[in-house]
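Sequence lines set the chain letters: A, B, ... in the order given, protein chains first and strands last, and positions in each chain run from 1. From a predicted model like this one, the values you see are computed outputs, not experimental measurements.
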Amino acid sequence: MSPVFALVDCNNFYASCEKLFRPDLKNTPVIILSNNDGCVVARSKEAKALGIKMGIPVFKIRPQIRRYGIRMFSSNYALYADISHRVMVTLEEMAPRVEIYSIDEAFLDLTGMQSAIDLVEFGGRVRETINQWVGIAVCVGIAPTKTLAKLANHAAKRYPATKKVVDLSSRKRQRKLMALTPVEDIWGIGGRLSKRLQSMGIHNALDLADTSAKSIRQQFSVVLERTVRELNGESCIEFAQVPPTKKQIVCSRSFGSEITAYQQMGEAVCEYVTRAGEKLRKEHQQARLLTVFIHTSPHKQNKPQYSRSLSGELPLPSDDTRDLLELSMKLLKRIWREGYGYVKAGVILSDFYDVGVFQSGLFDELAMRSNSHLLMSTLDNINHSGLGRVFFARQGMRRDWAMRREYLSPAYTTHWDDLIKVR
DNA sequence: TCTGGGGTCCTAGGACCC
DNA sequence: TCTGGGGTCCTAGGACCC
């Protein structure tokens, strides 16, 4: 049976989440800032209309912010994750199979349903339900491949006449839309590829679809070949209801202010290691490889630059924060250089094993810590309970390097004290 | 003054082996 | 004159996504 995919994508997701609890900001331009309040990572439709670009550093648009009364918010991931969950649960009630693709997007597998229901009508129902139950606006694109469903969704957002639902089941409609879609708007084609394609005379999606898949593979890669096939209605990217287990876990942050002292860098790295350990246990994995990296600001070319990373292997795969901390401090000691102003550090865990699967050598003297599981799950439980936080002394108390979040909205949905009050 | 964070996949090239 | 060839594994780097 030929597959049918629907892509449901929330409109201006982070901005919509912030506006959900602030009806007073209904027609106000709103922007969401990256960690450290550095760049713009999301915009409401009003902010987009003012020409505020994605990823631009905030300091470059201060004049516009003042002139147009743009409201700023620091990223509030606890809030966005909670709203996202509500959207996804709603989708799971409406469709037989759902693949959560990102915080604000999901693919639905509608294969086999096309004979029983009107796909456009179904898309409209999804929109209405999410709007009523969660209060978030979404667009729906429907097509026989994921790449075309992305394209359909793009069109639903862009052309008001579509009423925010586009069904690209017919080849004729696919070709018509592809002719209108610039090559850089295709899923999987970024800045580099689109430049190369343009120079070959391939300007829109239809141009690309009509290029032979074989020659694309020779000149580019199998990835782009797949895109060409998908544009021609041949489904190459499978539906994945169960998310694959992670292959690496990264925890890194820019600092609120430069770090010059080893003590502080140690605190920061410990903090990131602890975070990474929590994520690792949530995945039910143990890691054998740990990488630590630190670097100065590449934007300050007049100051001395230093950037280094170092990986180390644990004697046995582990998910015990104490093991991870010990190794990370050894690695940090080796890459630390005095005399630089560091702006960022991070930790990467990789080489994962399922808990209990790793085969240790017959004469391996290194026994795993016997109380590890109990201690770690107790720690995780306390820290998730909302009653308080337990942490390792090395993480530090003062944290004067912590990131800036000057414009943070309240945790409306995840913290009792921040619950919205109706008088 | 001020420039995010967290992921994936693919490929080329080197090391090493037989 | 003329100096193998093929396979595997690993890593770094490039490209993409949200």
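- The shortest distance between the side-chain N/O atoms of A/Lys300 and the OP1/OP2 oxygens of B/dC2 is below 4.0 Å.
- The nucleotide whose nearest atom lies closest to any side-chain atom of A/Arg226 is, among B/dC9, B/dT3, B/dG5, B/dC9.
- Residue contacts shown for A/Leu33 are absent, as no nucleic acid heavy atom lies under 4.0 Å away.
- Interatomic distance, A/Gln248 CD to A/Ile348 CD1, rounded to the nearest 0.5 Å: 6.0 Å.
- Where A/Ser252 and A/Val222 each meet DNA chain B at their nearest nucleotide, the meeting point lying more 5' is that of A/Ser252.
- Nucleotide B/dC18 forms a pair with C/dG5, judged by Watson-Crick or G-U wobble geometry with both contacts under 3.5 Å.
- A straight line from CZ of A/Arg275 to P of B/dG4 spans 20 Å, rounded to a whole angstrom.
- Taking atom CZ of A/Arg404 as the reference point, atom C1' of B/dC2 lies 7 Å away to the nearest angstrom.
- Ring geometry for A/Tyr101 versus A/Phe107: interplanar angle over 60°, hence perpendicular rather than tilted (30 to 60°).
- Counting non-hydrogen atoms under 4.0 angstrom, A/Leu193 reaches the backbone sugars and phosphates but no base.
- Contact annotation for A/Glu105: backbone-only contact, meaning every heavy-atom pair under 4.0 Å involves sugar-phosphate atoms and none involves a base.
- Of the P atoms belonging to B/dC2 and C/dC18, the separation is 31 Å, rounded to the nearest Å.
- Look at A/Arg275 and A/Glu278 and you find a salt bridge, because one of the NZ, NE, NH1 or NH2 atoms lies within 4.0 Å of a carboxylate O, short of that distance.
- Between B/dC10, B/dG6, B/dT3, one nucleotide has an atom nearer to the side chain of A/Cys39 than all others, and that is B/dT3.
- Phosphate contact (OP1/OP2 of C/dC18, side-chain N/O of A/Lys150, threshold under 4.0 Å): present.
- Among the heavy atoms of the strands lying under 4.0 Å from A/Asn35 are primed sugar atoms or P, OP1, OP2 only; no base atom is included.
- Between the side chains of A/Asn232 and A/Arg175, no donor N or O sits under 3.5 Å from an acceptor N or O.
- Atom CD1 in A/Ile216 sits about 17 Å away from atom P in B/dC10, given to the nearest Å.
- Taking the six-membered ring where the residue is Trp, A/Tyr80 and A/Tyr77 present perpendicular rings, their angle passing 60° and hence far from 30°.
- For A/Lys344 and B/dG5, the shortest distance from a side-chain N or O to OP1 or OP2 is below 4.0 Å.
- Which of B/dC10, B/dG6, C/dC16 sits closest to the side chain of A/Arg192 comes down to C/dC16.
- Using a 4.0 Å heavy-atom criterion, one finds that A/Arg62 contacts no nucleic acid atom at all.
- Contact annotation for A/Asp104: backbone-only contact, meaning every heavy-atom pair under 4.0 Å involves sugar-phosphate atoms and none involves a base.
- Per the geometry, CE belonging to A/Met54 stands 14 Å off P belonging to B/dG5, to the nearest Å.
- The interatomic distance linking A/Lys282 (NZ) with B/dG7 (P) rounds to 11 Å, in whole Å.
- Atoms CD1 (A/Ile249) and P (B/dT8) sit 9 Å apart, rounded to a whole Å.
- A/Ile189 comes within 4.0 angstrom of the backbone, heavy atoms only, and of no base.
- Separating the OG atom in A/Ser212 from the CD atom in A/Gln219 is a distance of 8.5 Å, to the nearest 0.5 Å.
- For A/Tyr101, whose side chain is taken as the heavy atoms from C-beta onward, the closest listed nucleotide among B/dG6, B/dG4, C/dC17 is C/dC17.
- Of the candidates A/Glu99, A/Glu105, A/Glu238, A/Glu234, A/Lys146 forms a salt bridge (charged side-chain N to carboxylate O under 4.0 Å, His left out) with just one, namely A/Glu99.
- Within the nucleic acid shown, A/Ile186 comes within 4.0 Å of sugar-phosphate atoms alone, with no base atom in reach, counting heavy atoms only.
- Taking 4.0 angstrom as the limit, A/Ser221 places none of its side-chain polar atoms (N or O) nearer than this to OP1 or OP2 of B/dC9.
- Residue A/Lys247 has a polar side-chain atom (N or O) positioned under 4.0 Å from OP1 or OP2 of B/dC9.
- Contacts of A/Val58 with the nucleic acid, taken as non-hydrogen atoms under 4.0 Å apart, are absent.
- Toward the 5' end of DNA chain B, the nearer of the two residues A/Gly55 and A/Arg217, judged by each one's closest nucleotide, is A/Gly55.
- As rounded to whole Å, 13 Å separates atom C1' of C/dC17 from atom CG of A/Leu7.
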